[in-house]
Amino acid sequence: MTIDVATGISRILKQEGVGWVSTFPVCRVNNALGREGVPMLMMRDDRYAVAVADAFSRITAGSRIGVCTFQGGVNAAGMQYAYAGMAQAYEDGSPVLCITDGVPAGSSGNSQYDVASAMKTVSKWFGYLDKPERTPEFMRRAFTMLRSGRPGPVILAVPNATATYDETADPYCPVKGWKSAPDPADVRAAVDVLLAARDPLIYAGEGVIYAGASDDLKAFAELVNVPVITTLKAKGAFPENHPLFVGVRGDQVGHYLNKSDVILAVGSSLSPGRFSHAIPDAAKKTIIHCNVDELHINKMYPTAHAVIGDARLILQALRQEVSDRTSGAGRTAGNVAAEVRAARDEALARYRQVMNSGETPINPYRVYGDLMQVLDLRNSFVTHESGNTRDQLSTVFDTLIPRGFLGWGNVSTLGFSLAAAIAAKKAFPGRASVAVTGEAGLGYMLGNLEVLLREKLGITVVHISNGGFAGYGPGFWGAGHDPFTHQVMGPDEVDMSKVIGALGFHTERVSEPAEVIPALRRALDVNASGRPAYIEFICSQYPVYGGWVGRGEG
Ligand SMILES: Cc1ncc(C[n+]2csc(CCOP(=O)(O)OP(=O)(O)O)c2C)c(N)n1
Ligand SMILES: [Mg+2]
């Protein structure tokens, strides 16, 4: 049967289990998606079309691939605006499928912006579908790359969506994706080092979540009796109420990074970043680096032992090896759990104190502490924004299940939290979904709030309303690193709860600490009936949070 390329793509997406596609018009595949019954989540700009699909892939750990479409081709306005979304997905290694118009044959070189070279800088693979018959082949390749190896975005450009081909000539079969197991010799070498270590530390990255290896990480950490830190993006990969959990950031994390002699990194690139810990005095430590491929091995620090493969298969192999060598007893060490607990209690004391603060303006930690009380932490989703909400929440917010909290942003593009909260609602409709933002993130998301009303997405936006870009301004923490660009119109000048309330959201403006919990409860209640909520908490600027450890400390 002869079909056009757009119809072929739509049918293949259905075969691949794609339940909806986020978009901002126009893309020439969209009408076929509509005809074929693939629902479209129409965002209000192209960047958010990408970000929602990207976040869906993250939140489902790639088990359900997020797909988006946006305008490309000769008139690539949509693509140019979507670029920020793709750059974020690429930077963070998210397996999202982006479909766009390709520059038609005969039109290349006419516009200034070079689609192919731009797209190649933000994708694991950029496919240009140059012949209609190649539709199944390109889709197979796309899903192979989305479901195997190191995660990253795939971009498919379709120059002629109405060209036709014979659907029966190359019937499409869904791609399962493949994993690789580590070399047993590397596993043995890693275990030699680990069992001889004095103060080993597990450094867990987001690869653990993509591999579905959280339970394996827990079982392995318990067997070897080794404390665990997680990266920002892996927050939740290890249950944060576990006795071996050290933290994501905070003095206790620095303490353990400094004192460790062996670091077993799993599912983390160990890349030096603005929002990650370096390994202090790395030359004096032994690094075992378990990763899905070689890209990050011997990057920045010499890797003493690499173990290459899928994080779950690696953790299972390591566990088996340790178990065999110790007759199932595991590694005996002192009372590691008690030491971890003491280090956490000491480092977190000052945050726990302000989580109970009765001061006004409200201390932002009071909002976070109350949020933890109101939510069922095993059945909810919270994410942060760029700015202090990221730094504060990643220091204190207890995450008990993978993706109960989404940490994001090797570089953090303001506004992503709304996309993440939408994606979480789509992925787990029964879970409460909360985005915590400052005024800058809110500014980015305003145009997209209509989507929540139209789609009846019961999400709560928590605004830590502090009238400025808190990390930039002058205050009790010093002169501020950018005081000239710090202040915006704050709660005294504009009442955002009225602005957003006029749109149709349930809104409240809260200035009393005692009102935080009741207001959050009311918001979550209206969310349950599909109505979005915005709560403005009038807060102090309180840029206090755990730091990231640098290379030289020790
Ligand atoms: C797209 C983008 N541009 C610029 C930045 C730099 N940036 C990071 S946080 C921030 C301001 C945050 O202020 P606010 O939202 O009020 O949060 P607060 O720290 O006060 O809680 C800016 C401009 C960024 N992260 N993303
Ligand atoms: Mg602010």
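Just so you know, ligand 1 is whichever comes first in the structure, and atom 1 is the first atom listed for that ligand.
Cation-pi check for Arg249 over Trp548 is met; the charged atom lies under 6.0 angstrom from the ring centroid and within 45 degrees of its normal.
For Gln353, the CD atom sits in a loose shell: 12 or fewer heavy atoms of surrounding residues, nucleotides or ligands are nearer than 6.0 Å. Counting heavy-atom neighbours within 6.0 Å of Arg44 CZ, excluding the residue itself, gives a total of 12 or less.
Classified by interplanar angle (parallel below 30°, tilted 30° to 60°, perpendicular above 60°), the ring pair Phe405/His384 is parallel.
Residues with a heavy atom under 4.0 Å from ligand 1: Ser386, Gly387, Asn388, Ser412, Thr413, Leu414, Gly438, Glu439, Ala440, Gly441, Tyr444, Asn466, Gly468, Phe469, Ala470, Tyr472.
Tyr113 and Gln80 are not linked by any side-chain donor-acceptor pair at a separation below 3.5 angstrom, with hydrogens and angles left out of the test. Checking Thr23 against Asn30 by side-chain atom types alone, a donor-acceptor pair falls below 3.5 Å.
Between Glu240 and Lys235 there is a salt bridge, with a side-chain nitrogen of the basic residue lying less than 4.0 Å from a carboxylate oxygen of the acidic one.
Within Glu439, OE2 is the N, O or S atom that lies nearest to the Mg ion (ligand 2).
Between OD1 of Asn466 and O of Gly468, the angle at the Mg ion (ligand 2) works out to 80°, rounded to 10 degrees.
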